[in-house]
Protein chains: 2
Amino acid sequence: MAERKPTITDVARTAGVSKGLVSFALNDKPGVSPETRKRILEVAGDLGWRPSLSARSLSTSTSYALGLVIRRKPEVISADPFFPAFIAGVESVLAEEGRALVLSVVPDAAAELRSYRTLAGDSRVDGVFLTDLRSNDARFGLLAELRLPAVALGRPDPAVPFPSVQLDDTHGIAQAVAHLADLGHSRIAHVAGDPHMMHGGRRRSSFNEAMREAGLEPGLIVETDFSAACGADATRMLLEKRRPPTAIVYANDPMAIAGLGVAQQRGLRVPADLSITGFDGTDISGYVFPALTTITSDPVEWGRVAARTLLRLIAEGTAESVELPPAALLVRASTGPPPSDRGTVAAHS
Amino acid sequence: MAERKPTITDVARTAGVSKGLVSFALNDKPGVSPETRKRILEVAGDLGWRPSLSARSLSTSTSYALGLVIRRKPEVISADPFFPAFIAGVESVLAEEGRALVLSVVPDAAAELRSYRTLAGDSRVDGVFLTDLRSNDARFGLLAELRLPAVALGRPDPAVPFPSVQLDDTHGIAQAVAHLADLGHSRIAHVAGDPHMMHGGRRRSSFNEAMREAGLEPGLIVETDFSAACGADATRMLLEKRRPPTAIVYANDPMAIAGLGVAQQRGLRVPADLSITGFDGTDISGYVFPALTTITSDPVEWGRVAARTLLRLIAEGTAESVELPPAALLVRASTGPPPSDRGTVAAHS
DNA sequence: CTGAAAGCGCTTACAG
DNA sequence: CTGAAAGCGCTTACAG
């Protein structure tokens, strides 16, 4: 019948040693002779013994799990392609390490802080990933209070005492602006992300800087919450200006796709009448018409590196921050010369 | 200094009772007088005591967590908008119940089965959600062997001994076909999903049936893996036929959006030259041009109901299957009369 | 209604 | 190099 799962006691008994020794052998601790260790491991294998996670957790105060709290309203959660890919990367390293990922999806700031408290209070996780950094993020203080190891995704604003894994998205935006300026655009607008999020703010300031470097006048900037709906509204607003932009740089792909839709609905041809760039290099961005010029990062790799960094931080008490290869511009079909310069520039090619 | 977290012993001592009684009071077990219970709970509150999850887990063999294993290749994981929304729904009920969600993302079938074994072997979870059902799914047997409570999403093919939460997507496909037939289409094709997945197969057979009911000849069907790339390829293939379809019913939104891109690239106007319907009612589908006619379900609600069902199954050993409101057609701008009938039908409106 | 005690399955000083 | 024992913080029969 349903045979009871073997415990460390069973292993010790059939190997003829004490429980303590089995534990030492399992955990590769010194003080066990090679032959004894080998015999213990064999017996454990034969019996199909697997150490009990909860017993281990109780004696070591370790959960062997990592936590990720995502703060997104249910309506927009699907719009962000970053998380699924990031999580896939995280999982690929956790699986090898026998760790699990505890995921929490919360709708607002209060629930977010509550979630970290619960995760820490229940010792559900040994550390957490911090995404969507905001300036003066309330989570920084909370994590310190909870003594919960954390790795930040992106460059935290006030320097924080924990490592971060970051990717220079500044470079991508600069490349996009330079690309558009090269094509002859001078009226370039930016549909930015949420100004309270670090990456939203950073993309915005790198946009400003790139415009300056290209010798152009400051472009119009519209703030959004990163949703397709906001992207569409912002585009509509920009196109209704007396002198509308000839190119728009969006802070993510869903907004760029929505902007493309608005432009087409108004009878504009992209890129003949309006150039558009996205951000993220999502799968679908290559299949809309025209295929989106966008800025690609590698969220799967980001997840892998973040997981390794967090595991190292937990194991060794310290870990270096990592700088990932910068986001790069991927030129496809949604960008071209501006309307007035078309003849001139076309002659070049 | 860093004060130790209070334990049940601290509560018992300061309340002047035994540990056992504190436990009884906490868990609402009979055998504690109302006054004593009240006093114990007060002391616990004052001390800020929170029962230790791992100690509890060890004595009750319960993890207070639920598991979700998603099998998707990293490249396509972001394309499927179902999971983030589903997870948001699950979390909304788990948060209230003090449960956590353990997420596992795996690339292939072998890793998937390994993941369930690990989750069960480590007692990481008390039960799991089963998504992307396949016919004669190997997971059915495994879960029985592991004695792991499970709730299936969708209608399992050979009847299974555990409850399911399902949504009739048949109805949506039928409505889409009927809608297109009403508009005057007779050459309708279906870009189906993965035939090995239950929902892919079911949408396909309901397409066939709906065509028959509309009195139309069987439409062309192309199988895919649900990815945008496959959706684009399938569309290209269909449009190159000698007598191409005048309408295409896609098994999900990303493929429909990719199909829309292919059509536009070939100079076809949608819906004047080709009508297109999606499936899922994703956020972005409302922002492409023309806005996609699609079939909407409610994955957030699906997550909520699935979570409640699984919790009930775990607590009571049994739970009823639930039938969610059927997916419904949302008519937007990507469907219209076929090219040849345009004049006629337009006269009606 | 309440208390004292054993047990869940590990880890880890402490002796030998 | 090895063993016996205490401890992690709960739950749960078993006595009273």
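Residue numbers begin at 1 in each chain, while the letters A, B, ... track the order of the sequences.
Set against D/dT2, C/dC10, D/dG9, the side chain of B/Thr7 has D/dG9 as its closest nucleotide. The nucleotide whose nearest atom lies closest to any side-chain atom of A/Ala55 is, among C/dG9, C/dG3, C/dT12, C/dG9. The side chain of B/Leu58 has D/dG9 as its nearest neighbour among C/dT12, D/dG9, D/dG7. The nucleotide whose nearest atom lies closest to any side-chain atom of A/Thr60 is, among C/dT11, D/dT11, C/dC1, C/dT11. Taking only side-chain atoms of A/Ile8, from C-beta outward, the nucleotide of D/dC10, C/dC10, C/dT2 with the closest atom is C/dC10.
Dashed line: the shortest gap from a side-chain N or O of A/Ser61 to OP1 or OP2 of D/dC8 is not under 4.0 Å. Not one side-chain nitrogen or oxygen of B/Ser54 sits closer than 4.0 Å to the OP1 or OP2 atom of D/dC8. Here A/Ser59 does not reach the OP1 or OP2 of C/dG9: none of its side-chain N or O atoms lies under 4.0 Å away. OP1 or OP2 of C/dG9 has not a single side-chain nitrogen or oxygen of A/Arg56 nearer than 4.0 Å.
Salt bridge annotation for A/Arg72-A/Asp132: present, with a cationic side-chain nitrogen under 4.0 angstrom from a carboxylate oxygen.
Summarising the geometry, the separation between CZ on A/Phe24 and P on D/dA5 is reported as 16 Å, rounded to the nearest angstrom. The separation between A/Arg13 atom CZ and D/dA4 atom P is 14 Å, rounded to whole Å. In this entry the distance linking CH2 of B/Trp49 with P of D/dG9 reads 12 Å, nearest Å. We find that NZ of B/Lys5 is positioned 12 Å from C1' of D/dC8, with the value rounded to whole Å. Rounding to whole angstrom units, CG of residue A/Leu26 and P of C/dT12 are separated by 11 Å. Protein atom CG of A/Leu47 is 15 Å distant from nucleotide atom C1' of C/dG9, rounded to whole Å. Atom C1' of nucleotide C/dG3 and atom CD1 of B/Ile40 are separated by 12 Å, given to the nearest angstrom. What separates NZ of B/Lys19 from P of C/dG7 is a distance of 14 Å, to the nearest Å.
Figure legend: cation-pi geometry between A/Arg139 and A/Tyr116 absent, as NZ or CZ is not positioned both under 6.0 Å from the six-membered ring centre and within 45° of its axis.
When the options B/Phe82, B/Phe86, B/Phe83 are evaluated for a ring pair (Phe, Tyr, Trp, His ring centres under 6.0 Å) with B/Trp302, the one that passes is B/Phe82.
Base contact: A/Ser18 has a heavy atom under 4.0 Å from a base atom. Within the 4.0 angstrom heavy-atom criterion, only backbone atoms of the sugar-phosphate kind lie near B/Arg50; the bases stay farther away. Counting any heavy atom pair closer than 4.0 Å across all strands shown, A/Thr36 reaches sugar-phosphate atoms only and no base atom. Residue A/Leu21 is in sugar-phosphate contact alone, with no base atom involved, counting any heavy-atom pair closer than 4.0 Å across all strands shown.
Taking every heavy atom of both residues into account, A/Val102 and B/Val102 meet most closely at CG2-CG2, 4.2 Å. For the residue pair A/Ala65 and A/Arg124, the shortest heavy atom distance occurs at CB-O, 3.5 Å.
For C/dG16, the paired base is D/dC1 (Watson-Crick or G-U wobble, both distances below 3.5 Å).
Positionally, the nearest nucleotide of DNA chain D for A/Gly20 lies more toward the 5' end than for the other of B/Ser23 and A/Gly20.
Atom CD of A/Glu323 is surrounded by more than 12 heavy atoms from other residues, nucleotides or ligands within 6.0 Å.
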